[in-house]
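Each remark here refers to the structure printed beneath this line.
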Amino acid sequence: QVQLVESGGGLVQAGGSLRLSCAASGSTFSRYAMGWFRQRPGKEREFVASISRGSGRIYYADSVKGRFTISRDNAKNTGFLQMNSLKPEDTAVYYCAVDSDSGVIPPRSAPGYDYWGQGTQVTVSS
């Protein structure tokens, strides 16, 4: 079992930055790949970024490439999503997730993950 808690969301103006955190407990976070997803109003949950257990493989959605950075600190059982140059269309609930089956190749779709946090709201005003 893995428990995930996101934090760091909030309201920011377009062009601003936020850093989301995902604190993991209950198991060995360092074994697992981790991902960030978001769900915009009226839309399905979509992939944002993912990172392997050792940070050797990192993937981004095209919509956030060059603006967002995923990272992790296994010693602190915490993952991060640094979001820069935010746009109103980035407004969404952001979720972190872990894949307990594999840590080497981080999935880029929601079914690849089996533990999820409760989400944190990010609102970008124009």
Side-chain angles (χ1 to χ4, degrees):
Q1 287 284 340
V2 182
Q3 293 79 44
L4 302 171
V5 179
E6 301 96 336
S7 61
L11 174 64
V12 64
Q13 288 189 332
S17 298
L18 284 174
R19 189 191 197 203
L20 304 185
S21 298
C22 175
S25 62
S27 189
T28 308
F29 176 71
S30 61
R31 295 179 183 173
Y32 307 138
M34 188 193 79
W36 286 94
F37 290 76
R38 67 186 181 187
Q39 189 161 16
R40 293 182 277 188
K43 304 289 186 180
E44 294 188 353
R45 193 169 298 190
E46 62 177 351
F47 170 75
V48 174
S50 61
I51 186 169
S52 61
R53 61 189 179 191
S55 302
R57 293 177 187 258
I58 292 176
Y59 302 115
Y60 294 100
D62 288 343
S63 59
V64 306
K65 202 171 293 183
R67 299 187 299 123
F68 291 11
T69 303
I70 189 172
S71 62
R72 63 192 296 162
D73 185 341
N74 288 338
K76 296 182 179 180
N77 290 337
T78 304
F80 304 98
L81 185 68
Q82 177 68 44
M83 306 187 295
N84 298 330
S85 303
L86 282 161
K87 305 175 181 179
E89 52 263 43
D90 294 319
T91 295
V93 178
Y94 283 73
Y95 300 88
C96 66
V98 298
D99 170 19
S100 65
D101 289 334
S102 171
V104 178
I105 300 177
R108 284 171 275 187
S109 62
Y113 294 86
D114 44 4
Y115 293 101
W116 293 81
Q118 83 290 348
T120 185
Q121 176 71 45
V122 171
T123 303
V124 184
S125 63
S126 58

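For reference, positions follow the sequence shown, starting with 1.
- Both V48 and L18 belong to a common hydrophobic cluster when Ile, Leu, Val, Met, Phe, Trp and Tyr are linked at side-chain heavy-atom distances under 4.5 angstrom.
- With values rounded to the nearest 0.5 angstrom, F68 atom CZ is found 7.5 Å from S63 atom OG.
- Panel note: side chain T91, backbone V124; a donor-acceptor pair is recorded below 3.5 Å.
- In terms of heavy atoms, L4 sits closest to V2 at CD2-CG1, 3.7 Å.
- In this structure, I51 and S71 approach most closely via the heavy-atom pair CD1-CA, 3.8 Å.
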Output side-chain donor-acceptor pairs under 3.5 Å for residues 78-88, partner residues at least two apart or in another chain, one line each.
| unit_1 | atom_1 | unit_2 | atom_2 | d |
| --- | --- | --- | --- | --- |
| T78 | OG1 | K76 | O | 2.8 |
| Q82 | NE2 | N84 | OD1 | 2.9 |
| N84 | OD1 | S17 | OG | 2.9 |

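- Without hydrogens or angle criteria, S50 side chain to P107 main chain gives a donor-acceptor distance under 3.5 Å.
- In plain terms, the two heavy atoms of A24 and F29 that are nearest each other are CB-CD1, 3.5 Å.
- Atom CZ of residue R67 and atom OH of residue Y60 lie 12.0 Å apart, to the nearest 0.5 angstrom.
- A single hydrophobic cluster is not seen to contain both W36 and W116; linkage of ILVMFWY side chains at heavy-atom distances under 4.5 Å, directly or through other members, places them apart.
- To the nearest 0.5 Å, atoms OG (S25) and CG (N77) are separated by 8.0 Å.
- Y32 places no side-chain N or O within 3.5 Å of a backbone atom of A97 that could act as its donor or acceptor partner.
- V122 and V64 fall within a single hydrophobic cluster, where Ile, Leu, Val, Met, Phe, Trp and Tyr side chains are chained together by heavy-atom contacts under 4.5 Å.
- Partners of Q1 under the side chain to side chain contact (heavy atoms under 4.5 Å, CB included) rule, at least two apart in sequence or in another chain, are Q3, Y115.
- Applying the side chain to side chain contact (heavy atoms under 4.5 Å, CB included) criterion to V104, with sequence neighbours excluded, gives R53, R57, S102.
- Y59 places no side-chain N or O within donor-acceptor distance of the main-chain N or O of P106, the cut-off being under 3.5 Å.
- Taking CD from Q121 and CG from L11, the interatomic distance works out to 9.5 Å, rounded to the nearest 0.5 Å.
- Not counting sequence neighbours, the partners of S109 by the side chain to side chain contact (heavy atoms under 4.5 Å, CB included) test are P111.
- In this structure, the side chain to side chain contact (heavy atoms under 4.5 Å, CB included) partners of R40, at least two apart in sequence or on a different chain, are R38, K43, E46, E89, A92.
- Put simply, the residue from Y95, Y94, F47 that forms a ring-ring contact (aromatic ring centres under 6.0 Å, His included) with F37 is F47.
- At least one donor-acceptor pair closer than 3.5 Å links the side chain of E6 to the backbone N or O of Q118.
- Both L20 and V12 belong to a single network of hydrophobic side chains, linked directly or stepwise wherever heavy atoms of I, L, V, M, F, W or Y lie under 4.5 Å apart.
- For R31, there are no salt bridge (charged side-chain N to carboxylate O under 4.0 Å, His left out) partners, not counting sequence neighbours.
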